[in-house]
Amino acid sequence: MTYLRDALTDRVGEFIQLRRDIHRHPELAFQEHRTSDLVAAKLESWGYEVNRGLGRTGLVGTLKRGQGKRRLGLRADMDALPIQEASGVEWASTHKGLMHACGHDGHTAMLLAAAKVIAQEATFDGTLNLIFQPAEEGGGGAVRMMEDGLFTQHPCDAIFAMHNMPGVPQGHLVFREGASMASSDYATIRIHGTGGHGAMPHRAADPVVAASSIVMALQTVVSRNVDPLHTAVVTVGALQAGQANNVIPATATLELSVRALDPQVRRLLEQRIKALVTAQAESYGVRAEIEWRQGYCVLINGPAETDFARQVGLKLVGAERVTLQGPALTGSEDFAFMLEKVPGSYLLIGNGDEDATAGACMVHNPGYDFNDRNIAVGASYWVALVEEFLSP
Ligand SMILES: [Zn+2]
Ligand SMILES: [Zn+2]
């Protein structure tokens, strides 16, 4: 197997420029038209067959070599966030209120850098599908691509994806088998009471008191219902009611974010929250209306694929730069839906841990920037994984 890390390091200049160009032109979920055009043009120029319009702005570049039956999928996300950039970098966003604050510009550039090397130099036998996905940030682009026939048109035996991680040394690779990222569900709870004069509470049914009690009662779901050895998060991120000190409002609204690392715990949280909110409201003589919205599912990395991905990482960067079983995260990722259909693994690449300018600033922060030194490492990793998975 030819590992191209050193060779790539000298040749990634083009892709650092490309990453910065994408960074200057961030696009929100399903609006990644410029990025998608750019990716498609590059892939076509290197000989990939390009299939566009999967999940609106998503696309797949396919390259076949030899008679091999194995089929591999690598996925990068392309969307930006509605954040006003404050990184101060020369290549900062030129689109007001939008920025690549999660490094998806870097993920796209790493996979493109790999795509060029693979097309021009890699030895492999089989089918390679490079999946460029829209709308990872809450838009569910992965599901939309699958609804449009991603895996029926481009069947894969295994799929892999990589995300940068600030706070982890630059280029360090972190793997994890099993449940690795949380499910995320959302609830809007409207408490319907009876409004009235603040001086005569006995003539009203106060939704503020009921809502306050519900906030406190919800704390017992994690502390009293979930097995202490399991992970769960119930956050009340918004509580809105009333406007004046002498008026009891008629309604109150709560917004919840609910996360779990186990599908069973996820179901338990929904069941307990609904039961508790309904009973609490009733006990205060008000009525609760609960709107439950399912977000992303738990991301579960396959054991065999994760072990394969680890071995590629160990050979590429050495044991001192690999974490074999990293911690699970309570963030969410819609690659989880792809992993429900096709086995695979999702890994992290350290964005840097020294200071904010060296990649340590957290994703979704206005000061964040993708660490360009990772383009060589990430692209080399993809090339190595392709050569290993589709070895002749
Ligand atoms: Zn993000
Ligand atoms: Zn992200």
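Here the structure is a predicted model, which means the values were calculated and not measured. Just so you know, residue 1 is the first one in the sequence shown, and it goes up from there. Read the numbers this way: they start at 1 and go in the same order the structure lists the ligands and their atoms.
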*Kindly write out the residues that satisfy side chain to side chain contact (heavy atoms under 4.5 Å, CB included) with D148, not counting sequence neighbours, or none if the list is empty.*
L54
_Quick one, H230 with Q264, criterion side chain to side chain donor-acceptor pair (under 3.5 Å). Give me CA distance, side-chain angles, the key distance, then yes/no._
CA-CA 10 Å; H230 283 145; Q264 279 183 345; over 6 Å; no
*Tell me, please, if H163 has any N/O/S atom, main chain or side chain, under 2.8 Å from the Zn ion (ligand 2)?*
yes
*Ion pair present between R24 and D21, side-chain N to carboxylate O less than 4.0 angstrom?*
no
*Do NZ/NE/NH1/NH2 and the carboxylate oxygens of E121 and R11 come within less than 4.0 Å?*
yes
*N, O or S atoms of the protein lying under 2.8 Å from the Zn ion (ligand 1)*: C102 SG, E137 OE1, E137 OE2, H364 NE2
*asked:* I need the single residue from I159, D334, V298, I300 that forms a side-chain contact (heavy atoms from CB on, under 4.5 Å) with L339. Which is it?
replied: I159
*Take the angle between the ring planes of Y346 and H163 and call it parallel below 30°, perpendicular above 60°, tilted in between.*
tilted
